[in-house]
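Down below is the structure, laid out as structure tokens.
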Amino acid sequence: MTEASIALPPQTPFSQRIKKSLFATPLDCLLTLICAFFFTYIIYLFVDWAFLSSIWRADDEPLCKEAGGACWSVIDARHRIIFFGLFPFEEHWRSTLACAVMIVTFIASCVPWFWTTMKLSALWIAGFATFYILMHGGLFGLSVITPERWGGLALTLFIFAAVSIIGMPLSIVLALGRRSKLPVIAKMFGLFIDFFRSLPLLTILFTAAVITPFVLPGWLQGDKLYRVIVGFAIFFAAYQAENIRAGLQAIPSGQDEAGLTLGLNYMQRVTRIQLPQAFRNSLPAVVNQFVITFKETSIVTIVGFFEILASGSAAFGTGQWTVHYIEVYVFIGAIYFVFVFSLSRYGAYLERKLRVGHG
Amino acid sequence: MADQSEPNVIAVTMKAVNKWYDDFHVLKDIDFQVADGEKVVVCGPSGSGKSTLIRCICKLEDHQKGTINVLGTELNDNVANIDEIRREVGMVFQQFNLFPHMTVLENCTLALTLVRKKSRKEAEAIAMQFLEKVRIPEQSTKYPGELSGGQQQRVAIARSLCMNPKILLFDEPTSALDPEMISEVLDVMVALAEEGMTMVCVTHEMGFARRVADRVIFMDAGEIVEQNTPFEFFENPTNERTKLFLSQILQH
């Protein structure tokens, strides 16, 4: 028996499918051609602006007026401000290395080999410790650089990672608490979640940065950056908890009963039966929340931190560069895109992987 | 009625058990005993409380009045007692309730490693032994979603057996299955019965009841209406409600 004898659905050739969907009637032909022309023209305009008619080197900035394309000189000249903010110039290598460490930690934690509580915890503790020592200094002969001088990409990554690392476990606790069988506990967690969900992020950040120092005793205050991160993490957790709770609600009650009759205790049922299924159920929403959070890190500008967007504004804020804000924003947009798009793709990969055995 | 010369060791005793779902009185003064090694089939119309009865035995449901004693341990709010009983009582569900994110083998080894504290190797050996017993060892690396209903239910039985239960409860184990898959599950249950497992089965498989049951119990509206040996139960039912029920399920 040859393979060809196995019955397969009839295949339509590619050219015929194109013809059927794009050129079936004269009107279709017309619309297809108009759209094709339009999109090609837009793409040509962008490519021409960004690559063909653009100026690349910082020294060539005077040519920019005649060139008519993008003036990437501003990036060449000012990229250090975008990436490092107010971080001392001669220590930029530390910030670069710190970013690299954080990105490697992100990527490593996406690899299934690391997916045990022990390995993930070890990875993130090591990642954070290295990042912190590099950025803050004070050890191994590195000079001390306090968090108010951190900035740029390193600060954005640090805030995102710290918010995720604090917020994610907190969100699981909140979701489980809200589903508690004890009405008092469930109500309390519900109230907590709804309280923080009904406040704008800005209010929470302001409160954390400005008001808490008047309320909290000195030893509990910590640096402004850490207070802002904790506030942000609670906000993140309140939203993420609802996503995870939705995933928990979708699990049939028989799953928990099966665990009960096998003699598993509460923690074993939660970690082995409920959470793995809840994550699979709520993955699109959970990834969505991470994406939103990555972009919302830009809001910390308001309370005086120079994350990448604010650093970008500083980059074109002086001298001859003030006219080149479009180039700077496109550049920062591209950086955001790389991170957020990777995050979305990773989410899609996880969905495929976790769909195993579910048809 | 178990009519044997030696007094049996009692596995389950329920005395004057009452249970309500809100105002609905689902179990009314249930007095019920299962001897060690006995096979009891519980039948009755939908909503008669038969599932609730066996779910009370492993504390998936709370009872509000009366006492339940399982293998000499009183089933009350004492968590240590509940854990003790759940370790000795296995349950097979209508909807199988396999863990969809784990392979067949992982489903079976989970409680062995976590509750019985076996090493992974030991646990896998035990699991394979019981998967062979339910004649499905070749599917051990598959996920439940890749198996037929009958295969899933056999895995669920193997998963319960791995914990070496003294009593096995079956809650309508074949009701969610396509007709051609019922017999493969019943065959496994018959084999278990022949080995002397103590079993309480809620089922409408009357052929199974005739073949393996020591006693058949008929429940209606939260009460045990009639109980007898399978022969007497099917040939000479005394209660009108039993007669009506039997005529309804046996008329085909």
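Naming: A, B, ... by sequence-line order, numbering from 1 per chain. Computed from a prediction, not measured in an experiment: that's the story for all the values here.
Distance CG/N265(A) to CZ/R86(B): 11.0 Å, rounded to 0.5 Å. Note that the CZ atom of R272(A) and the CZ atom of F99(B) stand 11.0 Å from one another [nearest 0.5 Å]. Residue E257(A) holds its CD atom at 14.0 Å from NZ of K59(B), rounded to the nearest 0.5 Å. The CG atom of L110(B) sits 5.0 Å away from atom CG of L264(A), with the distance rounded to the nearest 0.5 Å. With rounding to the nearest 0.5 Å, the separation of CG in L262(A) from CZ in R87(B) is 12.5 Å.
In this structure, the portion of L98(B) lying under 4.5 Å from any heavy atom of chain A is its backbone and not its side chain. With a threshold of 4.5 angstrom between heavy atoms, L114(B) approaches chain A through its backbone and through its side chain. For R116(B), no part sits under 4.5 Å from any heavy atom of chain A, backbone or side chain.
Atom CD of E195(B) is surrounded by more than 12 heavy atoms from other residues, nucleotides or ligands within 6.0 Å. Around NZ of K119(A), the count of heavy atoms belonging to other residues, nucleotides or ligands within 6.0 Å exceeds 12.
Residues Q268(A) and V115(B) share a closest heavy-atom pair of OE1-CG2, 4.3 Å.
The shortest distance between side-chain heavy atoms of T261(A) and N97(B) does not fall below 4.5 Å. Here the side chains of P100(B) and Q255(A) are in contact, with some heavy-atom distance below 4.5 Å.
Options R159(B), K142(B), M163(B) differ in how many heavy-atom pairs under 4.5 Å they form with chain A, and the most are formed by R159(B). Put simply, of A258(A), P252(A), G263(A), P276(A), the one with the most heavy-atom pairs under 4.5 Å next to chain B is A258(A).
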